Structure formats: structure tokens, C-alpha cells
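Taking it in order: structure first as C-alpha cells, then the write-up.
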Amino acid sequence: MTPPAAPSHPRAWSGGPTLVRRGSVLGPTPLTVLVAPAGFGKTTVMESWRAEQARTALGSFDAFYRTNSMDAGLVLVDCAVALGVADTTAREVIGLIHPDGDALGREFVDHLAASLRDVPDPFVCFLDDLHGLPTETARDVGRLVSAVADEQHRFVAASRTEPPWPVARWQVAGFAAVVTADQLRLTQDEIATLLGPDLAHLTPRALEVTEGWPAALEAIRWRLTAAPGLDLDTAVLDLVDYVAAEVLPVLPPEEMHVLTRTSILQPFPPTIAVAVSGSSAAGAVLETVRRRTSLITRLDDGRLRYHPILREALHQGLTRTEPDRELDLQLRAADAWLDEPDSFTALTNAVDHLIEGRAWPRAVELLRRRVADLDRKSRLDRFVEWLDAVPGARWRDDAEMMLLYSWANLRIGRAARALEALGDRTIAENPDAAVVARLTYAWMTSWDTDPDEALRLCAATRPALAALDEAAARRVLPRFPGVSSFALAADIAVAQSHMLLGRFDDAADEIVRLLRHRAEISPMPQFALCGALAFARAVGGECAD
């Protein structure tokens, strides 16, 4: 069954899930400001708070329909009438709205404020979609709120961006409280409630995919109702268009410039954002957007990570606004990561960006130099994945890379692909590489399929391998990964073959000799040798050693 399509109009998402939210009791401050992007359930929270109050009014400065001061003034007057202001007073106040459409005007604000202060009963006035107002009009709304709000006459305002009011100062004075997007995220228990008993087992994955974003969870819920086996990773892709239509347009151009350019990055420190965006203010911009939208997460190590939906929406924006810059930005990102303190994270990000930027020669050379680091981290799967992503014409005529590729495939359990690489013409036509290929094959077979063949190959190739070691200063082939010399690698394969053939005394004697060269053997082969030695001695009755 095909899952139902997303709502045709982005506004269909704005209410979020129908849910009485946790901590739904309205706080005691005269003013409460909800600041969060579209789809974080601000309206839902306000509606749940309204249900708990004796006298309320709700006015929405909807960005699609309320675009000037006259509209805003009429919304405020409607709220005032609902709260107890007389109709005759309301008509008088309407006549005071500033005529130019840019602001409400001081007379309007003063008279409406006086009328609201005279209302004898306690009330809560809810003002939604404040971000839809012109800046001066929004400032006048703030002046009205500051003139009226007290313990008996309270206000709740919701906006996708921080209003042009001195909210921080009001917070310090105890006049205002701010509810952020992080506080509006759904908890695991709320997600389980929304999914219902039949789908509650998907709660952990749904939380991981949506990060508690109510609109994203609602999208998943709709689709799972129609297709319970739906892949949750694809269930919220339509929300990319929603973010592009609802969240991004309210961000200033200078912020969008930083965001779209850094959309090519996986988790990154602010220094990388500065290098890629070309803006020295990138760190401050990202911190502002992080607080405002909660679609950017600050990890424990200080790196920033975009919500996948936001990242994709921004990347689409990049392809529209700077379609010819992405390859250059990818190379900037690679260089920036290589300038960071050396780490496995810096290495992997640099390779990713070099490949995305189609800098094939640089990517291959970086992999050639750092394959040992990938081996130590047990991530040779990434080495293979990266080389597979580079066009074969860029590296398959390089005997060294072909040997490393075959060895890496062997280490990650892809024996068939390793054998295919070992038989490649590039290796066969290079005598030194062909000798190392036979050694690699011996390592492959010494532990399992054909230890006798491994012994034969090691005996036949050891003189040539020792000669390669002696010519190390002028050879172009890499050292055998995990050991300091080809001859030592052959001796390890011999010891492994003796073990599998049941020649435990021979294996033990060989391993004892090899372990005198611990400094020349990396940890993983050392562990294997020590385990084999313990087994060989146990078979011989030396259980106490």
C-alpha cells in the first residue's frame, strides 16, 4: 500500500499532534513567550493552556493573512472584546490605528492598554504567529503587553523567531518566562502514547529519527497507520519541503548564507563552519539558530549537528542559490578538517569531502598514507568503501593500492573480492607486487582453507620477500599491514599454518620466536599469536603457563 501523501499545504502541519503536553500548567509570570520553529506544537500548547483558564482570548497574526498593522490592530481589538472591553470602546480604539501600515501607533497602544487594564476579571490573552508582523508593529505589540501584563492580566505569545522585545531583560526582572523548542520536544513516553499500543515498539526508533520534533512524529504516525512496516528513515522526507516553506524563510539572509554552505557537513566544530562558509561570524550564527530552532544539536565534544531534515532542506537551498559552488565547498571542508588537530574524525571527514569534491588523486594519496590508522581503528571497511567510490581508472593501475585494497577486503571478510584483486593484471605484471600477493594469499589460507598451500607459498616466496625488505629504502610497495617486514609476515603465516595442521610444538616454537619481535607487530596480530600460543601449550599439557 502506498503511504498517504503529505498535506498539500504546509500550514496543515502547524498544529502538531493533538496532545496535552507535559508540564502543561501555565506558569505564573505576566508574560510567557514560546519561541520555536514551525511544527514544534506551539499552538497545541497554547490550546491546552487555554482549556485550563477561566477567561481567555486567542488572536493569530498568521503570516499568510495578517501582513500589516491594520490587520494586527483588528486582531488585538477582537481579543480585547473577548476579554471584556466594551464594543463602543473597541470601535473608538480601531479609529486610532496608525494609518501607514508600518506600526500601530502610540495612541492606539495607550488607549487599548488602558482599556485592558480596566478589565476587572483575571484573563490570559494568547497571541500566536507573532513572527508574521512587520518589525515596528511587533514592537508596538510588545509595548502593549508590557503596559498591561501583570499577575491578573497575563499574556502568552508564540513566535518562530525571537520577538523584537527586551525579553532577556524581562526574564531577569521576573516579568517573562521563555519556552524554547527544546522544551517542546516530545518525550519517549509521549511518543509511545501517540503511536498507540500496536506501534509502541517503534518508539525508540521514532525518537531517534524525529528527535522529538512533533511535526515529524505526526508524519510518521500518519504513514505507519497506512503502512505499519514503513521504513522510518524515509517516512519524514516530505518534511524537507515543510522546513523549506515554513522554517527557513523567516531566517535572515546572512544566516541562510552560513547555513546553506555548512549543510554539506556532518557533525563539525565551529572552526570548520567558519572555513567553509567564509564568514567569521559563523559560530555565532549557528549558536543563534541552534537556540532559536532546536534543529541544531550541540554534542558533548562541542561539535554541531544538523537535524537530517534541516540539513537536506538547506542543501537543496544551496543547489538553488549557489549551484556551482558545492565542489569548491567540499574541498574547503576537506582542507579545514586536515588543518584540525590530527584525529580519526578529522581523517574520515577529510576523505569524505575529498571524494564528494571529486578530488580523486588527493583522496587516494590520503588513504595510502593513513591506511594503518584505519586498521588500528578497525575501520578498513571505510577504506574499501572509499576506494570503491573513486573511479577505478584513478587507482586500479597502482600496484600498491591494489595490494592494500585486497588486504583490506581480506581483513573485513570479503575473501572473494580480495582474491579478485590479487589476480588483477596490475599486480600480475609487477614482479614485486606478485610476490606480496602470494604472501597475502598465504595469510588468507593459513588460518582456514589450505594451510599446506600457505606453507608452500611462504617457503617459495620468503627469499624474495627478504630481498624486498632489504630494498625497503627504494621500493614503492607498502609494508605488509600490521607487521614491519614481509619476511616477518611470512613467518606469522607459517606459525598459523602449523596450528591448523595440529603441529602444536612447531607452532609454539615459531610463535615464541616471533614474539621476540613484538615491537614490529601491531596489536591485532599479537593478540592472535598469543591466543594461539596459549592453545598450543594447553594441548601439550602446560595449562599453568
Side-chain angles (χ1 to χ4, degrees), residues 6-7 9-27 32-50 58 60-64 126-132 156-163 167 176-191 193-195 206-222 235-251 255 259 286-298 305-314:
H9 197 291
R11 294 289 298 172
W13 294 102
S14 61
T18 302
L19 177 69
V20 177
R21 304 296 302 267
R22 66 190 185 282
S24 62
V25 177
L26 179 62
T32 301
V33 184
L34 284 72
V35 182
F40 269 81
K42 300 184 296 298
T43 303
T44 302
V45 171
M46 293 172 71
E47 288 173 350
S48 68
W49 284 348
R50 282 193 72 195
L58 171 64
S60 176
F61 307 109
D62 191 298
F64 285 89
F126 293 88
L127 303 175
D128 202 2
D129 292 320
L130 192 71
H131 55 272
V156 176
S159 176
R160 296 179 194 169
T161 59
E162 294 176 5
V167 176
V178 177
V179 177
T180 66
D182 278 330
Q183 294 168 284
L184 295 176
R185 290 185 186 274
L186 296 171
T187 65
Q188 184 161 315
D189 289 343
E190 289 172 335
I191 291 175
T193 300
L194 283 170
L195 292 180
L207 178 60
E208 180 182 359
V209 170
T210 66
E211 298 182 0
W213 183 15
L217 194 281
E218 187 74 343
I220 282 180
R221 185 173 65 155
W222 283 10
V236 295
L237 291 182
D238 62 301
L239 282 166
V240 171
D241 293 334
Y242 175 64
V243 168
E246 293 282 324
V247 178
L248 302 186
V250 300
L251 300 178
E255 293 184 4
L259 293 171
L286 289 166
E287 182 61 22
T288 298
V289 176
R290 184 187 72 82
R291 293 196 311 269
R292 180 185 300 161
T293 69
S294 198
L295 293 176
I296 301 177
T297 301
R298 181 178 293 281
R305 178 177 61 82
Y306 286 133
H307 190 291
I309 294 170
L310 174 64
R311 185 171 182 265
E312 179 58 29
L314 289 170

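Along the sequence shown, residues carry numbers from 1. The model shown is predicted, which means the values in this text are computed figures rather than measured ones.
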Decide yes or no for Val156 and Asp128: does some side-chain heavy atom of the first lie under 4.5 Å from some side-chain heavy atom of the second?
no

Residue pair Leu194 / Arg221: nearest heavy atoms and the distance that separates them:
O-CD, 3.1 Å

When you look at Arg311 and Arg305, which way does the side-chain contact (heavy atoms from CB on, under 4.5 Å) test go after all the steps?
CA-CA 9 Å; Arg311 185 171 182 265; Arg305 178 177 61 82; over 6 Å; no

If you measure from CG on Leu259 to CG on Leu295, what distance do you get to the nearest 0.5 Å?
10.5 Å

Grab the two heavy atoms, one from Val35 and one from Glu162, that are nearest each other, plus how far apart they are.
CG1-N, 3.9 Å

Quick check for you: to the nearest 0.5 Å, what is the distance between Leu286 atom CG and Arg298 atom CZ?
9.0 Å

Sub-3.5 Å donor-acceptor pair from the side chain of Lys42 to the main-chain atoms of Ala157, do we have one?
no

Min side-chain heavy-atom separation Thr288-Glu255 under 4.5 Å:
yes

Begin from the C-alpha positions of Val45 and Val179 and carry the test side-chain contact (heavy atoms from CB on, under 4.5 Å) through to its verdict.
CA-CA 10 Å; Val45 171; Val179 177; over 6 Å; no

Heavy-atom closest pair, residues Leu217 and Ala206:
CD2-CB, 4.0 Å

Tell me, do Trp213 and Leu310 make a side-chain contact under 4.5 Å, heavy atoms counted?
no

Do Pro214 and Thr44 touch side chain to side chain, with heavy atoms closer than 4.5 Å?
no

Let's go through Phe126 and Thr43 carefully: what are the C-alpha distance in whole Å and the side-chain angles of both, what is the deciding distance for side-chain contact (heavy atoms from CB on, under 4.5 Å) to 0.1 Å, and is it a yes or a no?
CA-CA 10 Å; Phe126 293 88; Thr43 303; over 6 Å; no

Interatomic distance, CG@Leu127 vs CG@Leu34, rounded to 0.5 Å, equals 11.5 Å

How far does CG of Leu186 sit from OG1 of Thr210, to the nearest 0.5 angstrom?
7.0 Å

Start with the C-alpha gap between Phe40 and Arg185, add the side-chain angles, then the distance that decides, and say whether side-chain contact (heavy atoms from CB on, under 4.5 Å) holds.
CA-CA 7 Å; Phe40 269 81; Arg185 290 185 186 274; 4.1 Å; yes

When rounded to the nearest 0.5 angstrom, what is the spacing between CG in Leu195 and CD in Glu190?
12.0 Å

Which atom names give the shortest non-hydrogen contact between Arg290 and Thr297, and what distance separates them?
CD-C, 4.5 Å

Quick check: closest heavy atoms across Ser60 and Asp129, and the distance to 0.1 Å?
OG-OD2, 3.0 Å

Do you know which two heavy atoms are closest between Ala313 and Ala244, and how far apart they sit?
CB-N, 4.3 Å

